[in-house]
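Please read the structure below before turning to the comments.
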Number of protein chains: 2
Amino acid sequence: MADLHSASPDNLLRTVGIKVTRGRVRVIAALQAARQPMSHAEIGTQLGADAAVPLDRVTLYRILESLVAVGLALRAVDTRGVFRFSAAGTLHRHEGHVHFRCTDCGGVFCLKAAPPSPPKLPRGFRLAAVEFDVRGTCAVCSARPAA
Amino acid sequence: MADLHSASPDNLLRTVGIKVTRGRVRVIAALQAARQPMSHAEIGTQLGADAAVPLDRVTLYRILESLVAVGLALRAVDTRGVFRFSAAGTLHRHEGHVHFRCTDCGGVFCLKAAPPSPPKLPRGFRLAAVEFDVRGTCAVCSARPAA
DNA sequence: GCTGCAAATGCAACCTTGTTGCATTCTGAA
DNA sequence: TTCAGAATGCAACAAGGTTGCATTTGCAGC
Ligand SMILES: [Mn+2]
Ligand SMILES: [Mn+2]
Ligand SMILES: [Zn+2]
Ligand SMILES: [Zn+2]
């Protein structure tokens, strides 16, 4: 089982069955190279900097949306209310375990615990999604003195 | 120190030593009456609805800021990246049960199920909050034909 | 290698959330 | 009652995020 950062963007996209486009490849590569989850603005800046062809702002949003939808990226909200994205992988299944979100750096960490089962709903209610959100500060951010 | 659970907005404000203004009193009252944390927009809508005198949008932000600063309100970021505010010292506690969020009407419903216990964290990680987010459509929205 | 169609993109416009500056009004202590 | 500092209202701004629509592009089928 390859780790998150080893599979090529092209192969990841083909594996999940969505089109391989220049934009998606560039975004996945950027997320894989990142040491921390990136905001939309950070990705846009970096992509605009190291490439002759800039990526449209809206297209970037839609690329991130599509990557999250197929599980190739994870999305979290940092303490300032900004979405931050990190690379995931097809080979890594995220359904079977709980995630920890660092509210400081926006990082998402896989825990070993199994997700809780959904509760009983009142009559007529229809369940669509269940999300167990565990938040706090990761080891790195907890060690670092507060800003 | 006065009991935060039973004090009136006026007394709460006097206790913490900031000025008692019409706006602050109304906001505290709204937060105390709320069954769940409210967004800035929700507070603004409610205050605009049941009062002849609407509250300026910016003033509301500054009121919430001041209440958080003195500890009379709590601020959190929800999964959509929006700040939500709750009164500190209200009687309705939401820690003891799970919530259901209707993705259609936006309503939040208190369920009878107990929240799952937080999982074991890796060394150095610090837990801040655990949120069990159950989403879907409520009874009313499920019954109504899709728009 | 073509062809055709759905998927993806670019662009303009728009919405929401949150902030800043400044003149005016209000609170509450002296 | 006075009045300085705190709070408010209004206008303008900024960033994050979304929507609609015309155009381009990936890629499956031939
Ligand atoms: Mn995971
Ligand atoms: Mn509740
Ligand atoms: Zn962290
Ligand atoms: Zn509903």
Side-chain angles (χ1 to χ4, degrees), chain A residues 8-28 30 37-48 51-70 72-73 75-85 106, chain B residues 8-30 37-48 51-70 72-85 103 106 147:
Chain A
S8 78
D10 299 64
N11 286 337
L12 287 172
L13 289 168
R14 262 184 280 271
T15 300
V16 298
I18 62 174
K19 291 188 175 175
V20 180
T21 68
R22 171 196 275 273
R24 282 184 179 147
V25 170
R26 289 170 69 199
V27 170
I28 291 178
M38 303 173 81
S39 68
H40 167 274
E42 289 166 355
I43 300 172
T45 300
Q46 188 187 305
L47 259 52
V53 186
L55 192 56
D56 182 72
R57 215 173 61 90
V58 177
T59 301
L60 175 51
Y61 273 113
R62 292 200 267 232
I63 285 175
L64 289 168
E65 189 181 19
S66 71
L67 295 183
V68 169
V70 298
L72 289 182
R75 195 184 76 163
V77 181
D78 70 15
T79 29
R80 292 212 330 258
V82 176
F83 291 139
R84 304 198 84 93
F85 301 86
Chain B
S8 70
D10 299 61
N11 287 336
L12 287 173
L13 289 168
R14 263 185 280 272
T15 299
V16 299
I18 61 174
K19 292 189 173 175
V20 180
T21 67
R22 179 190 195 77
R24 283 185 179 148
V25 170
R26 289 170 70 198
V27 170
I28 292 179
M38 303 173 79
S39 68
H40 168 274
E42 288 166 356
I43 300 172
T45 300
Q46 188 187 303
L47 259 51
V53 186
L55 191 57
D56 181 73
R57 215 173 61 86
V58 177
T59 301
L60 175 51
Y61 272 113
R62 292 199 267 232
I63 285 174
L64 289 168
E65 190 181 16
S66 70
L67 295 182
V68 170
V70 299
L72 287 183
L74 298 175
R75 193 184 79 162
V77 182
D78 73 12
T79 41
R80 294 212 318 261
V82 176
F83 291 139
R84 304 200 84 92
F85 301 87
T103 52

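Residue numbering restarts at 1 for every chain, and letters A, B, ... go by the order of the sequence lines. FYI, side chains are in, hydrogens and waters are out, and symmetry mates aren't considered; it's all heavy atoms of this structure. Please read these numbers as outputs of a predicted model, since none were measured by experiment.
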**Asked** In Å, rounded to the nearest 0.5 Å, how long is the span from CG of B/L64 to CE of B/M38?
**Response** 10.0 Å
**Item:** DNA chain C: 5'-proximal contact among B/I18 and A/T59 (nearest heavy atom)
**Value:** A/T59
**Message:** Using modelled atom types and a 3.5 Å cut-off, is there a donor and acceptor pairing between side-chain atoms of A/R24 and backbone atoms of A/K19?
**Reply:** yes
**Prompt:** Which of the following nucleotides, C/dA8, D/dA7, C/dT17, is nearest to the side chain of B/A41?
**Reply:** C/dT17
**Message:** Need one value for B/V20: base, sugar-phosphate or nothing, where a base atom within 4.0 Å counts as base even if backbone is also close, heavy atoms only.
**Reply:** sugar-phosphate
**Complete:** In whole angstroms, the gap separating P of C/dG18 from CD of B/E42 amounts to 12 Å
**Item:** Atom-to-atom span, CZ of B/R22 to P of C/dT25 - whole angstrom
**Value:** 17 Å
**Prompt:** With a 4.5 Å heavy-atom cut-off, do A/Y61 and A/R57 have their side chains touching?
**Reply:** yes
**Prompt:** Taking atom C1' of D/dA28 as reference, at what distance in whole Å does atom CZ of A/R14 sit?
**Reply:** 14 Å
**Prompt:** From the list D/dG17, D/dC10, C/dA6, which nucleotide is the closest neighbour of the side chain of B/D56?
**Reply:** D/dC10
**Asked** What nucleotide among D/dG9, C/dG18, C/dG28 has an atom nearest to a side-chain atom of B/L55?
**Response** D/dG9
**Request:** Compare all side-chain heavy atoms of A/Q46 with those of A/I43 and state whether any distance is below 4.5 angstrom.
**Result:** no
**Fill in**
Per the under-4.0 Å heavy-atom filter, residues of residues 60-68 of chain A near DNA chain D come out as A/Y61, A/R62
**Message:** Just so I know, are the side chains of B/I63 and B/L67 near enough to count as touching, which here means a heavy-atom distance under 4.5 Å?
**Reply:** yes
**Prompt:** Can you tell me how far P of D/dG17 sits from NE2 of A/H40, to the nearest Å?
**Reply:** 8 Å
**Prompt:** Which is true for A/T21 with a 4.0 Å heavy-atom rule: it touches a base, it touches only sugar-phosphate, or it touches nothing?
**Reply:** sugar-phosphate
**Request:** Specify the separation, in whole Å, of atom CZ of A/R57 and atom C1' of C/dC11.
**Result:** 11 Å
**Item:** Upstream residue (5' side of DNA chain D) when A/S39 and A/V58 are each assigned their closest nucleotide
**Value:** A/S39
**Asked** Taking atom P of C/dT27 as reference, at what distance in whole Å does atom CG of B/D10 sit?
**Response** 12 Å
**Complete:** Whole-Å distance, B/R26 CZ to D/dA7 P, equals 17 Å
**Request:** Could you tell me whether the side chain of B/R26 and the main chain of B/L47 form a donor-acceptor pair under 3.5 Å?
**Result:** yes
**Request:** Please check if the side chain of B/H40 supplies one atom and the backbone of B/F85 the other of a donor-acceptor pair under 3.5 Å.
**Result:** no
**Complete:** When rounded to whole Å, the CZ to P distance for the pair A/F83 and D/dG16 reads 12 Å
